[in-house]
Amino acid sequence: MYKVTLIPGDGIGPEITQVVVEIFDKLKAPISWEIVEAGAGAIKKYGTPLPETVLESIKRNKVALKGPITTPVGEGFRSVNVTLREKLDLYANLRPVKSLPEINDKFENIDLVIIRENTECLYKGIEYKIDEDTACAVRVVTKKASERIARFAFDYARNHNRRKVTAVHKANIQKITDGLFLQCIREVSEYFPDIEYEEKIVDNMSMQLVLNPEKFDVIVCPNLYGDILSDLAAGLIGGLGLAPGANIGEEIAVFEAVHGSAPDITGKGIANPIALLRSSVMLLEYLKEENFAKKLELAIENAVADKNILTPDLNGYGTTESLKNKIISLLKI
Ligand code: ATP
């Protein structure tokens, strides 16, 4: 039995994490949850959105499943998501983008992975004002982090039988920062002659992804471009409700959906749990529980064929509950 930290999170977070808990229970997956609170609820109770007990729990269990946590725009606390990634040194953000053929008639064969550097770039949060009318942000890129994410991307490609790595950059403009990032990826690519390597400028990459997503395999990017491209790629497979993710470090991994807390649909019973469920499939794979992972993945793939039970974001007529029940009914236990 593995103990896994569970953070329900904000907005639709509790609704979709509850679905995962119920489905894992039916699946008889060997997981026991340690539930801890972070986000808006924690601010009221503990005066901080990220109490030390949350970090301690993740460090102890080494694996966590996290619901979305609201990041206030403008004033307020620093993003919990960013702080968690930094404090636990979860340097790689892994975002597989795989189409579910029943859902998307435009692209049926998308199967790519976005690997986003997770600890620096603009997310260092270094911003300041020079005077009343001028604001600056500092973009940080280091050799250490760039080489580390490059090695992660190429190792991932090799270990998952992927054929190509595409590095995304804007080194024509950000010559020093993206220049360093690109140089590190290039150097690491030399050690992987079995993996094809190419480079794309981020604006061109955005267009190529929309026109020919099937052409891409493993995509490695600095933090900001990775954030933007993963939402774009989620759109290609049917929306944020389907896109899973994982934050991975040397010893710790935190699994979460790509989407945010979706305040516009919170409490309406229509949140799509598939992105978090697919993140849970990744969690099971990470724990080498392949058998349970396969069962859950298959049940999700088979469930989406029925429009009557799908949530409205997938143009369905159902609810979180109907989608959950369908998946449970399809689990081959
Ligand atoms: P953040 O800044 O935290 O990333 P965001 O402002 O980008 O959040 P999201 O919370 O991800 O936004 O939501 C974007 C849109 O996608 C919203 O209209 C939301 O309702 C929808 N959405 C996101 N996740 C889901 C989901 N699981 N099910 C259904 N709709 C979703």
Side-chain angles (χ1 to χ4, degrees), residues 1-10 12-39 41-42 50-69 80-81 83-96 98 113 115 118 152 155-156 159-160 242-259 273-301 303 324 327-328 330-333:
M1 190 66 99
Y2 303 91
K3 192 166 243 186
V4 172
T5 300
L6 178 68
I7 306 169
D10 296 322
I12 59 169
E15 301 168 45
I16 56 176
T17 45
Q18 183 52 35
V19 171
V20 175
V21 170
E22 272 185 64
I23 290 184
F24 269 46
D25 192 37
K26 296 281 191 256
L27 193 60
K28 299 193 173 25
I31 306 283
S32 84
W33 303 106
E34 182 171 289
I35 301 174
V36 291
E37 201 175 352
L50 185 58
E52 205 47 46
T53 44
V54 174
L55 289 165
E56 279 163 15
S57 168
I58 301 175
K59 282 182 189 160
R60 197 168 49 244
N61 297 327
K62 310 268 188 263
V63 182
L65 180 69
K66 181 183 145 303
I69 289 179
V80 170
N81 308 315
T83 313
L84 258 185
R85 291 165 189 170
E86 234 180 58
K87 288 210 163 174
L88 301 172
D89 199 22
L90 305 171
Y91 68 90
N93 193 327
L94 185 62
R95 295 180 158 184
K98 193 168 177 220
V113 180
I115 294 175
N118 220 10
F152 184 95
D155 277 338
Y156 182 92
N159 295 335
H160 292 81
L242 298 178
N247 302 286
I248 300 191
E250 295 300 343
E251 286 189 349
I252 296 176
V254 176
F255 296 82
E256 64 181 342
V258 169
H259 63 73
I274 290 183
L276 195 67
L277 281 166
R278 283 178 132 186
S279 310
S280 313
V281 170
M282 294 171 75
L283 182 154
L284 288 167
E285 284 167 350
Y286 180 84
L287 293 173
K288 307 253 180 298
E289 292 293 338
E290 306 284 352
N291 207 8
F292 289 103
K294 285 254 147 45
K295 283 182 184 172
L296 179 52
E297 193 176 21
L298 205 65
I300 296 168
E301 278 173 18
K324 176 194 77 184
I327 294 172
I328 289 174
L330 290 166
L331 288 173
K332 300 254 184 301
I333 305 162

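Sequence positions, counted from 1, serve as the residue numbers for this chain.
Here the closest heavy-atom approach between residue L276 and residue A257 is recorded as CD1-N, 3.9 Å. Taking both residues in full, the closest heavy atoms of S280 and L296 are given as CB-CD2, 4.5 Å, listed atom of the first, atom of the second, then distance. The two residues F292 and P30 make their nearest non-hydrogen contact at CE1-CD, 3.5 Å. Annotation for I69 and G39: closest pair CG2-CA, 3.8 Å, computed over non-hydrogen atoms. Nearest heavy-atom pair across D10 and A38 is OD1-O, 4.2 Å. Scanning both residues, I327 and A303, for their nearest heavy atoms gives CG1-CB, 3.7 Å.
Side-chain atoms of R85 never come within 3.5 Å of backbone atoms of N93 as a donor-acceptor pair (strictly under, hydrogens ignored). With K288 contributing its side chain and E285 its backbone, the two residues share no donor-acceptor pair below 3.5 Å. Judged by distance alone, the side chain of T17 and the main-chain N or O of G67 form no donor-acceptor pair under 3.5 Å.
Just one of K295, K332, E289 meets the side chain to side chain contact (heavy atoms under 4.5 Å, CB included) condition when paired with L27; it is K295. No option in L65, L50, V54 other than V54 meets the side chain to side chain contact (heavy atoms under 4.5 Å, CB included) test with I7.
The line from CG of L331 to CD1 of I300 is 9.0 Å long, rounded to the nearest 0.5 Å. Expressed to the nearest 0.5 Å, how far NZ of K87 lies from CG of D89 amounts to 13.0 Å. Between atom NZ of residue K98 and atom CZ of residue R278 there is a gap of 7.5 Å, rounded to the nearest 0.5 Å. In this structure, CG in L90 is found 10.5 Å from CD in E250, a value given to the nearest 0.5 Å. The OG atom of S57 lies 13.0 Å from the CD atom of E37; values are rounded to the nearest 0.5 Å. Atom-to-atom distance recorded for T83:OG1 and L88:CG is 10.0 Å, nearest 0.5 angstrom.
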**Q.** Residues L283, I31; criterion side chain to side chain contact (heavy atoms under 4.5 Å, CB included); working and verdict
**A.** CA-CA 10 Å; L283 182 154; I31 306 283; 4.2 Å; yes

Q.
Does N61 form a side chain to side chain contact (heavy atoms under 4.5 Å, CB included) with V4? I'd like the steps, not just the answer.
A. CA-CA 6 Å; N61 297 327; V4 172; 5.8 Å; no

Q: Evaluate the side chain to side chain contact (heavy atoms under 4.5 Å, CB included) criterion for residues K66 and N81: first the C-alpha distance (whole Å), next the side-chain angles of each, then the deciding distance (0.1 Å), finally the verdict.
A: CA-CA 9 Å; K66 181 183 145 303; N81 308 315; 2.7 Å; yes

Q. Could you walk me through whether L84 and I58 pass the side chain to side chain contact (heavy atoms under 4.5 Å, CB included) check?
A. CA-CA 10 Å; L84 258 185; I58 301 175; 3.8 Å; yes

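Inter-residue side-chain proximity for Y156 and I115 is flagged as met; some heavy-atom pair is nearer than 4.5 Å. Residues N247 and E256 meet the side-chain proximity criterion, which asks for heavy atoms closer than 4.5 Å. Within the 4.5 Å cutoff, the side chain of V63 has heavy atoms near those of the F255 side chain. Side-chain contact between L277 and K324 is absent, with no heavy atoms from C-beta onward closer than 4.5 Å. Between H259 and I16 there is a side-chain heavy-atom pair separated by less than 4.5 Å.
Heavy atoms from other residues, nucleotides or ligands lying under 6.0 Å from CD of E290 number more than 12. Counting non-hydrogen atoms of neighbouring residues, nucleotides and ligands closer than 6.0 angstrom, the NZ atom of K62 exceeds 12 such neighbours.
Ring planes of F24 and W33: tilted class, angle from 30 to 60°.
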